[in-house]
Enquirer: 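I have a structure here, written as C-alpha cells, and I will follow up with some questions on it.
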Protein chains: 2
Amino acid sequence: MWIPIQIDEKSAEPLYHQIETQLRSLIISGNLAEGTLLPSIREFAGDLKCSVITVRRVYQDLEGEGLLRTRQGTGTFVSHVGDGAREEYRRETVRKALEAAVDAGLSVHFGREELEELFREIVKHKYGEEDKKEE
Amino acid sequence: MWIPIQIDEKSAEPLYHQIETQLRSLIISGNLAEGTLLPSIREFAGDLKCSVITVRRVYQDLEGEGLLRTRQGTGTFVSHVGDGAREEYRRETVRKALEAAVDAGLSVHFGREELEELFREIVKHKYGEEDKKEE
DNA sequence: CTTACTGTATATATCTATATAAACAGTATA
DNA sequence: TATACTGTTTATATAGATATATACAGTAAG
C-alpha cells in the first residue's frame, strides 16, 4: 500500500506534523476509504525515511481523533467516519482557525466591516476570482 | 509609570508572550502615547514579579516590530507609529490569522459559501448580535 | 568623576517538543 | 507451535523555548 505523502526536509514544520496533516486530509477527503489497511509502521517508516516511532505517533494521534483504528498484531485501518462526524470534524477545524482570526481582529480593534472586507479579499484571492454564482 | 498588565499564572501561554501581547495592544491602540518612557526593565520586572531578562525580551521583540525605541543608559520609549505603519501593522496581524483560517478551510475542502457562512456566524457571535446598521 | 540609574551580554537552568533504538507483546498462519 | 508479521513500551538523545542571575557597559546628574 502506497500513501502519497510529501515531506519537506527544509520546513520548520515538524516531521510528524507534516505526515499527520497530509494523512488526515486524505482520510477526511475520502481519498482513503473506510477499512483501508494502512502500511505497517515499519513499512511506512521505510518509505518516509523516518523512525517507526514517528509513524506510530501519527497513527496514535489520528486514532485519538477517531480517524483510525488500530489492532496490535494486525495493523492500522481507516475507521468509519460517519458523515455526521466528518462534518463535525471539518467544521470544528475551520471554526477554531476562524475564531482565532476574529480574536486577532478584536485584539487590534478591527471594526466589523473592516474585518469582513479583509476576509472577502483573502477568500477571493485563495478561492479564485470567479463569481460565486458558479457554485 | 504604571502599565496595566494582567498575568495569568495558570495559563499555558508563556510569561513573556502574555506581557508582549498586552503591551503591544496598549501601543497599537494608542493607550500609550508616542514618546512615553516605559518603566525600566528592573522596575517593570519588580511589578510583574519576573526577571529583568523577561522584560528585556519583550522590549526587544517590540523594538524589532518598530513599536519601541531603546537607548542604553536612558530607557525605552514608545516610538512614533505613523498612522500608515499602525494600519499596516494592524492589517498584517489580522491578515495572517485570516489567511491561516482560509487555508484551514481549503485543507478540509470547505466550499466558499460554507466558509463564508461560518465566518459570519462567528463574527456575529464575537462582535455581538446587533445589526450592522448601527455602525 | 562618582554615583545611581539606564540597557546589554554571557553563561546557565529547566522544561517541552521532537525523534530515535531496542526490547517487548499481540496476531495470524503455515 | 514456530515464525513472521503486526503494534507497544521503555529509556534516551537532541534541539529549542522559556526563564534566570550575574557581570558588563552606556548615560546623566550631583
Side-chain angles (χ1 to χ4, degrees), chain A residues 1-3 5-24 27 32 35-79, chain B residues 1-3 5-24 27 32 35-79:
Chain A
M1 178 81 196
W2 160 253
I3 307 286
I5 300 280
Q6 296 302 323
I7 299 302
D8 179 2
E9 307 277 1
K10 294 174 298 187
S11 169
E13 187 185 1
L15 188 50
Y16 85 93
H17 200 263
Q18 293 186 39
I19 302 168
E20 211 171 284
T21 302
Q22 294 178 52
L23 186 54
R24 184 187 295 113
I27 297 168
L32 287 172
T36 302
L37 174 60
L38 293 181
S40 78
I41 56 177
R42 287 174 181 80
E43 182 187 348
F44 211 171
D47 296 342
L48 297 171
K49 295 171 178 36
C50 69
S51 82
V52 296
I53 313 292
T54 300
V55 175
R56 153 90 159 129
R57 171 171 184 173
V58 170
Y59 282 3
Q60 218 169 9
D61 288 351
L62 295 182
E63 192 174 8
E65 297 176 11
L67 299 176
L68 297 179
R69 268 179 314 113
T70 267
R71 282 192 323 195
Q72 184 171 354
T74 306
T76 297
F77 303 82
V78 175
S79 63
Chain B
M1 180 75 197
W2 160 253
I3 308 286
I5 302 278
Q6 294 304 322
I7 300 301
D8 178 3
E9 307 277 1
K10 294 174 298 184
S11 169
E13 186 185 1
L15 190 49
Y16 86 92
H17 199 263
Q18 293 187 38
I19 302 169
E20 211 171 283
T21 301
Q22 293 178 52
L23 186 53
R24 183 186 296 113
I27 297 169
L32 288 171
T36 302
L37 173 60
L38 294 180
S40 77
I41 56 175
R42 287 175 182 79
E43 182 186 349
F44 211 172
D47 295 343
L48 298 170
K49 296 171 178 34
C50 68
S51 82
V52 295
I53 313 290
T54 299
V55 175
R56 153 90 159 128
R57 171 172 185 174
V58 171
Y59 281 3
Q60 217 167 9
D61 288 350
L62 295 181
E63 191 173 10
E65 297 176 11
L67 298 177
L68 297 178
R69 270 179 311 112
T70 268
R71 282 192 322 196
Q72 184 170 355
T74 306
T76 297
F77 303 83
V78 175
S79 62

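All values derive from a computational prediction rather than experimental measurement.
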Enquirer: Restricting to non-hydrogen atoms, name the atom on B/Gly66 and the atom on B/Ser79 that form the minimum distance, rounded to 0.1 Å.
Expert: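 Scanning both residues completely, I find the closest heavy atoms to be O-OG, 2.8 Å.
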Enquirer: Mark yes or no for whether B/Thr21, through its side chain, and B/His17, through its backbone, hold a donor-acceptor pair below 3.5 Å.
Expert: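 Confirmed, B/Thr21 side chain pairs with B/His17 backbone.
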Enquirer: Is any side-chain nitrogen or oxygen of A/Thr70 closer than 4.0 Å to OP1 or OP2 of D/dG7?
Expert: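 Looking at the OP1 and OP2 atoms of D/dG7, neither is under 4.0 Å from any side-chain N or O of A/Thr70.
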Enquirer: Using whole Å, report how far CD of B/Gln18 lies from P of D/dA17.
Expert: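 In whole Å, D/dA17 P lies 18 Å from B/Gln18 CD.
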Enquirer: If every non-hydrogen atom of B/Ile5 is compared with every non-hydrogen atom of B/Ile19, which pair is closest and at what distance?
Expert: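 The pair with the smallest heavy-atom distance is CD1-O, 4.1 Å.
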Enquirer: For D/dG7, does either OP1 or OP2 sit under 4.0 Å from a side-chain N or O belonging to A/Thr76?
Expert: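 It does, given that an N or O in the side chain of A/Thr76 lies less than 4.0 Å from OP1 or OP2 of D/dG7.
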Enquirer: Please determine whether side chain to side chain contact (heavy atoms under 4.5 Å, CB included) holds for the pair B/Val58 and B/Ile41, giving the CA-CA distance in whole Å, both sets of side-chain angles, and the decisive distance to 0.1 Å.
Expert: CA-CA 10 Å; B/Val58 171; B/Ile41 56 175; over 6 Å; no
Enquirer: How does protein contact run along nucleotides 17-27 of chain C, one letter per nucleotide 5' to 3', with B for base contact, S for sugar-phosphate only, - for none, heavy atoms under 4.0 Å?
Expert: -SSBBBB-BBS
Enquirer: What distance do A/Gln18 atom CD and A/Glu9 atom CD have between them, rounded to the nearest 0.5 Å?
Expert: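 Reported to 0.5 Å precision, the distance equals 8.0 Å.
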Enquirer: Of all heavy-atom pairs between B/Ile27 and B/Val78, which one has the smallest distance, and what is that distance?
Expert: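 Closest heavy-atom pair between B/Ile27 and B/Val78: CG2-CG1, 4.0 Å.
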Enquirer: Measure from CG on A/Leu68 to C1' on D/dT6 and round the result to the nearest Å.
Expert: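 Atom CG in A/Leu68 sits about 15 Å away from atom C1' in D/dT6.
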Enquirer: Take atom OH of B/Tyr59 and atom P of C/dT8, then tell me their distance rounded to the nearest Å.
Expert: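 It works out to 11 Å between those atoms.
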